[in-house]
Amino acid sequence: MSESHDSRTKTLNFNVGVLGHVDSGKTSLARALSSTASTAAFDKNPQSRERGITLDLGFSSFTVDCPDHLRDGGGLKPYDSLQFTLVDCPGHASLIRTIIGGAQIIDLMILVVDVVKGMQTQTAECLLIGELTCPRMVVVLNKIDLLPASKRQSAVEKMTKRMHKTLESTRFKECPVIAVAAKPGGPDAPEAEEPHGVQELIELLKKQTYLPKRDPTGDLLMAVDHCFSIRGQGTVMTGTILQGSVAINDTVEIPVLKVTKKIKSVQMFRKPVSGAAQGDRVGVCVTQFDPKLLERGVVCTPGSLRTLFAAVISVRKIGYFKGSLATRAKFHITVGHETVMARVSFFGLPPSDSQTTPSELSPLEAPFNLDREYLHQDEYVSSQGDGGPEPEQWALLEFERPVTCPALCLVIGSKLDTDIHANTCRLAFQGRLLQGFEDKHYAETSLPRLRIYKTKQKEGQVERVTDDYTVIGRSLFKKETNLQLFVGLKVTLSTGESGVIEGGFGQSGKFKIHIQEGLNPETKQLFSSASKKKGKSSSKGAAAVEEEPKAESQPVSVLLRFKRYVFDPQKKMIQS
């Protein structure tokens, strides 16, 4: 937990994500709430100033007296103050990846809704991201100054009811809804007019705080969102510690630059500290490097992050996504702090295994077992229409370019190329990264260990019986098929006997089957009556000898079933 430089005071840092549809007034709200803005706050980006939308995660903070319910939570020494760090997440649709990057350290979410427009497409997407990443939420109905004073009260009540209805089926049911005007008169109005309802919102936020679980142990992972150099001192990286902790004199790795650097000093909101832990917002100064090389990215304990070319993840479809999730389709995959295109292949448990009792861990986090067999799926299988749980499923992601990320991190798949104005959810599935492949040639070196199989079935006919233990089959193979590959494979006849393919017969793809137990009397009867008929008709001419025997009942079929592992370089056919 972070301690400020003054040993007499102890501050709890609490991260609040501010999410919502573009133009709902998130940045104005963050500005109204904040007193101390850190380096990355409020859109330093000139491009976003021009366009009036947030293009990057903005961070700012304000400190209040510690509410009573948190006061004694700080172990030996109670907290004196509570610092709210506001993460102003971009609402612009294509920037969803940034939100997911920032959402990993959000303790509470403010969902900003334009009171006049209500829920919009991106509001729904922000809500989904909140459900995946965050335990608590407060809904802020903004821009109440746009409602005529006489109708304001009833309009706010109506929208509050509507929001509660929307949230009924989510983890945020019965979450508080509060109405404000963060910037009365709109963005161009003079600063003179005070925001409405912001003091009440601060009181509500204080009530909603809790002691976040922070774990200072383990490898450091810090998300850097801003980087600049200070002459004569070094390069400063500001960001949020996602896991582990950091202290002066530690060595950290900047994976994207493949360099390690020593930490010279650490600051939290412009105050020097000796160290900081998970959930804290910090600036760390390291020995000089060109800040342009790292605008955003991650810093970590040397050697703790892995660069992956492919990965296996647990997978759950997001209910609001309308399309199907097809194998071999491409999705935008957000993993760690990157979003990259990947080809996705879905697989599940064989029918016999899926009845086994699920593990105690949620399937999203149970470790992946490479020794097990899995069944290839053409697409993600939703629940069987009975409203029951969806079967346990996984996906292989093959990235278009390698990604650097921590183990077990959250993965979100989306279709970000969908039209932003279409009223449709673009988040498709979520999961956890369970197994990564770090070798560029993973397709040859690692994938053959992944035992995903497809079942195959071929069907042919019995042409004639040679003796009680031998029949000749046809129509199972093409003329050019190498029959040697199939010798020794088991087949079953539609009359119930089982046999083994002994080899080819003639040149036209026919084959010989050995029936170990011999043919059933009924089967022999079937063929003898068919050949008698044939004998009668053969007097019509020599050409008729080539005619097939026409049994009165259905022809006897030959079934060949086998499975093939999708990544087996030899493409072997396996029969149990």
Side-chain angles (χ1 to χ4, degrees), residues 16-35 42-43 51-54 58 60 62 64 67 84 86-93 108-130 134 136-209 421 423:
V16 177
V18 186
L19 289 87
H21 194 83
V22 62
D23 288 340
S24 56
K26 297 180 298 298
T27 304
S28 307
L29 182 69
R31 199 176 259 127
L33 283 168
S34 291
S35 53
F42 308 136
D43 277 350
R51 292 166 58 190
I53 53 170
T54 308
S60 54
F62 61 95
V64 295
F84 283 105
L86 299 176
V87 187
D88 175 17
C89 297
H92 191 285
L108 177 142
M109 175 168 130
I110 293 179
L111 184 66
V112 186
V113 178
D114 180 325
V115 72
V116 181
K117 295 178 182 162
M119 283 287 278
Q120 293 166 274
T121 314
Q122 289 161 268
T123 325
E125 288 178 352
C126 293
L127 179 58
L128 278 172
I129 290 167
C134 169
R136 286 195 191 186
M137 185 170 83
V138 169
V139 175
V140 172
L141 302 177
N142 193 17
K143 306 191 181 182
I144 56 169
D145 56 304
L146 300 181
L147 300 168
S150 58
K151 297 182 182 161
R152 192 170 295 171
Q153 187 63 32
S154 66
V156 166
E157 281 170 15
K158 199 169 160 187
M159 187 58 80
T160 303
K161 262 202 189 109
R162 200 187 295 170
M163 288 307 300
H164 276 139
K165 185 107 190 76
T166 304
L167 298 172
E168 235 170 31
S169 58
T170 72
R171 71 191 289 184
F172 303 123
K173 58 173 180 283
E174 292 167 19
C175 84
V177 178
I178 186 169
V180 307
K183 184 82 172 71
D188 303 325
E191 296 295 327
E193 201 170 336
E194 284 292 303
H196 307 317
V198 171
Q199 194 52 51
E200 291 80 349
L201 174 58
I202 289 175
E203 289 308 312
L204 174 62
L205 289 176
K206 282 166 70 171
K207 281 201 189 83
Q208 290 293 314
T209 52
H421 301 295
N423 192 14

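Computed from heavy atoms alone, side chains included, the values below leave out hydrogens, waters and symmetry copies.
Under the 3.5 Å distance criterion, the side-chain polar atoms of His164 are left unmatched by any main-chain donor or acceptor of Pro176.
Heavy-atom minimum distance, Gly197 versus Ile178: O-CD1, 4.4 Å. Nearest heavy-atom pair across Cys126 and Gly20 is SG-N, 3.5 Å. Closest approach of Ile144 to Ala179, counting heavy atoms only: CG2-CB, 3.7 Å.
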Under the side-chain contact (heavy atoms from CB on, under 4.5 Å) criterion, do Leu201 and Leu29 qualify, and how do the steps go?
CA-CA 10 Å; Leu201 174 58; Leu29 182 69; 3.9 Å; yes
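With a 4.5 Å cut-off on side-chain heavy atoms, Met159 and Val177 do not count as touching. The closest side-chain heavy-atom distance from Leu205 to Phe84 is below 4.5 Å. A 4.5 Å side-chain heavy-atom check between Val140 and Val18 finds every atom pair outside the cut-off. In this structure, Val139 and Phe172 have side chains that are not in contact, with every pair of non-hydrogen atoms separated by 4.5 Å or more.
Taking CG from Leu167 and CE from Met137, the interatomic distance works out to 4.5 Å, rounded to the nearest 0.5 Å. Separating the CG atom in Leu108 from the OG1 atom in Thr209 is a distance of 8.5 Å, to the nearest 0.5 Å. The CG atom of Leu147 sits 9.5 Å away from atom CG of Leu141, with the distance rounded to the nearest 0.5 Å.
Applying the side-chain hydrogen bond (donor to acceptor under 3.5 Å, both in side chains) rule to pairs touching residues 145-158 yields Gln153-Glu157, sequence neighbours excluded.
Lys207 pairs by the salt bridge (Lys or Arg N to Asp or Glu O under 4.0 Å) definition with nothing, not counting sequence neighbours. Residues satisfying the side-chain hydrogen bond (donor to acceptor under 3.5 Å, both in side chains) criterion with Thr160, sequence neighbours excluded, are absent altogether. Residues that satisfy the salt bridge (Lys or Arg N to Asp or Glu O under 4.0 Å) test with Glu203, not counting sequence neighbours, are Lys206. Evaluation of the side chain to side chain contact (heavy atoms under 4.5 Å, CB included) rule for Arg171 yields Glu131, Pro135 as partners, not counting sequence neighbours. Remark: Glu168 pairs with Lys165 by the salt bridge (Lys or Arg N to Asp or Glu O under 4.0 Å) rule, at least two apart or across chains.
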Taking distance alone, no hydrogens or angles, what donor-acceptor pairs closer than 3.5 Å link side-chain atoms of residues 109-119 to residues at least two apart or in another chain?
| from | atom 1 | to | atom 2 | distance (Å) |
| --- | --- | --- | --- | --- |
| Asp114 | OD1 | Val116 | N | 2.8 |
| Asp114 | OD1 | Lys117 | N | 3.3 |

